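For reference, the structure is listed below as structure tokens.
Basis for what follows: all heavy atoms, side chains included, without hydrogens, waters or symmetry-related copies. Everything quoted here is computed from the prediction, not taken from an experiment. So you know, we letter chains A, B, ... as the sequences are listed, proteins then strands, and number each from 1.
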There are 2 protein chains.
Amino acid sequence: MKQIERRSDCPISLSLDIFGDKWTLLILRDFIFFDNRHFNELVTIEKISTNILADRLNRLLENDIVKKEVDRNNKSSYLYSLTEKGIDLIPIVIEIYKWGANNIDGNNANSEFKNEVNSNFNKVTSEIVDRIKTTHNNGYK
Amino acid sequence: MKQIERRSDCPISLSLDIFGDKWTLLILRDFIFFDNRHFNELVTIEKISTNILADRLNRLLENDIVKKEVDRNNKSSYLYSLTEKGIDLIPIVIEIYKWGANNIDGNNANSEFKNEVNSNFNKVTSEIVDRIKTTHNNGYK
DNA sequence: AATAGTGCTTGCGAATTACAAGTGCAAATA
DNA sequence: TATTTGCACTTGTAATTCGCAAGCACTATT
């Protein structure tokens with residue numbers, strides 16, 4: 001894995017140095033919407049290659065956005081969880097969901113959830129944040 | 001320019017197919033925060049290559065996120081503007097600004113603006129949206 | 001007619017990606 | 001005990017994309 005060099009000190013540029021690629025935020029989506037937290041779950045959904053998934057998970061670990069621990073229910077497996085810094089990314093992911101649901105033809109957004117996101121963004125987001133906080137804080141799924 | 005193939009119908013995946021890369025949202029940032037709307041302005045800030053900038057602007061045009069017209073103040077130059085769909089991306093960009101300002105060491109966020117974004121996100125965002133709407137709707141800078 | 005400005009396009013070496021296959025280790029099964 | 005299975009990667013390789021430098025086409029100015 002190669003660390004991308006800092007292009008400038010702008011907060012947006014620095015953020016995109018970390019997650020500005022095709023896959024990183026999709027991994028976050030899997031955490032948030034599908035509760036996929038094991039390597040072999042994450043590898044399935046949009047058929048990311050294993051080397052890319054490994055690279056992105058390492059980058060997220062290095063940037064303290066996810067943490068990794070042995071799964072207490074299956075000790076030969078690792079469980080990945082969002083840190084506080086990772087949980088802080090949830091509003092970005094939901095804003096992207098909202099934009100895609102409203103602006104891209106042929107998307108498969110659930111219409112009830114889409115309406116909720118459009119009319120009660122803050123409520124929806126904080127409910128998801130609360131749920132993730134409780135499930136990801138104790139290394140337990 | 002090659003169109004990225006659709007990985008799935010998920011709104012987030014579809015959105016990232018359009019702007020999930022290192023540069024696209026930075027171009028949007030230049031529109032929003034610096035009011036850079038000409039090719040030779042956009043090319044300067046984080047030293048993007050001209051072929052990449054041309055490619056990304058074309059992708060944004062194809063996806064109806066920006067529009068392009070002859071600059072009425074300089075007829076040998078083109079003026080790029082955000083469409084409604086592009087203006088709809090502003091909350092995403094500001095969420096990313098917020099995350100970077102709060103979570104990345106050494107970022108150069110303006111502390112007053114950062115506080116404003118943290119405490120009055122919706123107000124800050126809608127003010128920026130209103131400003132962009134008036135300046136980008138009439139092909140005039 | 002010559003120069004400058006603007007918005008690209010082209011060529012090419014370097015870096016990154018996707019796909020397939022293989023590895024190392026722990027736990028379950030025979 | 002030996003073997004298989006599952007999990008989390010790593011490695012190899014070909015294809016794609018990127019970044020840098022240079023060049024090109026068009027318009028406006030001198």
Side-chain angles (χ1 to χ4, degrees), chain A residues 1-8 13 16-27 30-31 34-62 66-81 139 141, chain B residues 1-8 13 16-27 30-31 34-62 66-81 139 141:
Chain A
M1 182 185 46
K2 204 199 132 200
Q3 196 65 345
I4 291 164
E5 66 180 85
R6 166 177 292 230
R7 289 174 290 178
S8 79
S13 166
L16 294 174
D17 287 344
I18 297 173
F19 58 74
D21 72 286
K22 273 175 63 181
W23 293 111
T24 304
L25 291 175
L26 264 196
I27 295 171
D30 278 18
F31 277 88
F34 302 116
D35 206 27
N36 287 338
R37 295 166 68 186
H38 298 93
F39 194 94
N40 66 346
E41 295 172 325
L42 292 166
V43 89
T44 57
I45 297 202
E46 263 94 4
K47 26 193 150 91
I48 188 173
S49 326
T50 53
N51 57 345
I52 301 294
L53 177 57
D55 180 89
R56 294 304 184 277
L57 286 172
N58 278 324
R59 179 165 295 161
L60 290 170
L61 282 165
E62 278 198 0
V66 304
K67 60 191 174 189
K68 177 187 185 178
E69 61 206 311
V70 172
D71 186 348
R72 69 174 63 156
N73 296 321
N74 177 359
K75 293 198 175 153
S76 67
S77 179
Y78 290 108
L79 182 68
Y80 291 90
S81 311
K141 183 173 178 173
Chain B
M1 182 185 48
K2 203 197 134 201
Q3 196 65 345
I4 291 165
E5 66 181 84
R6 166 178 293 231
R7 290 174 290 178
S8 80
S13 166
L16 294 174
D17 286 344
I18 297 172
F19 58 75
D21 72 285
K22 275 175 60 179
W23 292 111
T24 304
L25 291 175
L26 264 196
I27 295 171
D30 278 18
F31 278 89
F34 302 116
D35 206 28
N36 287 338
R37 295 167 67 187
H38 298 93
F39 194 94
N40 66 347
E41 294 173 327
L42 293 166
V43 89
T44 57
I45 297 201
E46 264 94 4
K47 27 192 150 92
I48 188 173
S49 330
T50 53
N51 57 345
I52 302 294
L53 177 58
D55 179 88
R56 296 302 185 276
L57 286 172
N58 277 325
R59 180 165 295 162
L60 290 170
L61 282 165
E62 279 198 1
V66 304
K67 60 190 173 188
K68 177 186 184 179
E69 61 207 311
V70 172
D71 186 348
R72 69 174 63 155
N73 296 321
N74 176 359
K75 292 196 176 155
S76 66
S77 179
Y78 290 109
L79 181 69
Y80 291 92
S81 310
K141 183 171 179 175

- Message: Between C:dT9 and B:T50, counting only base atoms on the nucleotide and side-chain atoms on the residue, is there a donor-acceptor pair under 3.5 Å?
- Response: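 Looking at the base of C:dT9, it does pair with a donor or acceptor on the side chain of B:T50 (distance under 3.5 Å).
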State whether [X] places a side-chain N or O below 4.0 Å from either non-bridging phosphate oxygen (OP1 or OP2) of [N].
X	N	result
A:K75	D:dG6	no
A:W23	C:dA18	yes
B:R37	C:dG7	no
A:K22	D:dT16	no

- Determine yes or no for a side-chain-to-main-chain donor-acceptor pair under 3.5 angstrom, with A:N58 supplying the side chain and A:A54 the backbone.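 A pair under 3.5 Å: yes.
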- Message: Base, sugar-phosphate or nothing for A:Y78? Non-hydrogen atoms, less than 4.0 Å.
- Response: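 If one applies the 4.0 Å heavy-atom cut-off, A:Y78 turns out to touch the sugar-phosphate alone, with no base involved.
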Whole-Å distance between [N] [atom2] and [X] [atom1]?
X	N	atom1	atom2	answer
B:K47	D:dC18	NZ	P	19 Å
A:D71	D:dC9	CG	C1'	17 Å
A:L57	D:dA8	CG	C1'	10 Å
A:L16	D:dC18	CG	C1'	17 Å
A:E41	D:dC7	CD	P	9 Å
B:F39	D:dC26	CZ	P	17 Å
B:D55	C:dC8	CG	P	12 Å
B:N40	C:dT9	CG	P	16 Å

- Task: Go through the steps for A:D71 and A:Y78 under the test side-chain contact (heavy atoms from CB on, under 4.5 Å), then give the verdict.
- Result: CA-CA 5 Å; A:D71 186 348; A:Y78 290 108; over 6 Å; no
- Derivation and outcome, side-chain contact (heavy atoms from CB on, under 4.5 Å), residues A:L26 and B:R7: CA-CA 11 Å; A:L26 264 196; B:R7 290 174 290 178; 3.7 Å; yes
Where the side chain of [X] is defined as all heavy atoms beyond and including C-beta, which of [options] is the nearest nucleotide?
X	options	value
B:Y80	C:dC8, C:dG7, D:dA8	C:dC8
B:R56	C:dT9, C:dA26, D:dC18	D:dC18
A:S49	C:dT9, D:dA28, C:dA18	C:dA18

- Query: Starting at the 5' end of DNA chain D, which residue's closest nucleotide do you reach first, A:S77 or A:N51?
  - Reply: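 This one resolves to A:S77.
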- Query: Measuring from B:I48:CD1 to B:D55:CG, what's the distance to the nearest 0.5 Å?
  - Reply: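 These two atoms lie 9.0 Å from each other.
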- Item | Non-hydrogen atoms of A:D35 and A:E41 that approach each other most closely |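 So the two residues come closest at O-OE1, 4.2 Å.
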- Task: Return the 5'-most residue of the pair B:S76, A:I48 with respect to DNA chain C, ranking by each residue's nearest nucleotide.
- Result: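 Between the two, 5'-proximity favours B:S76.
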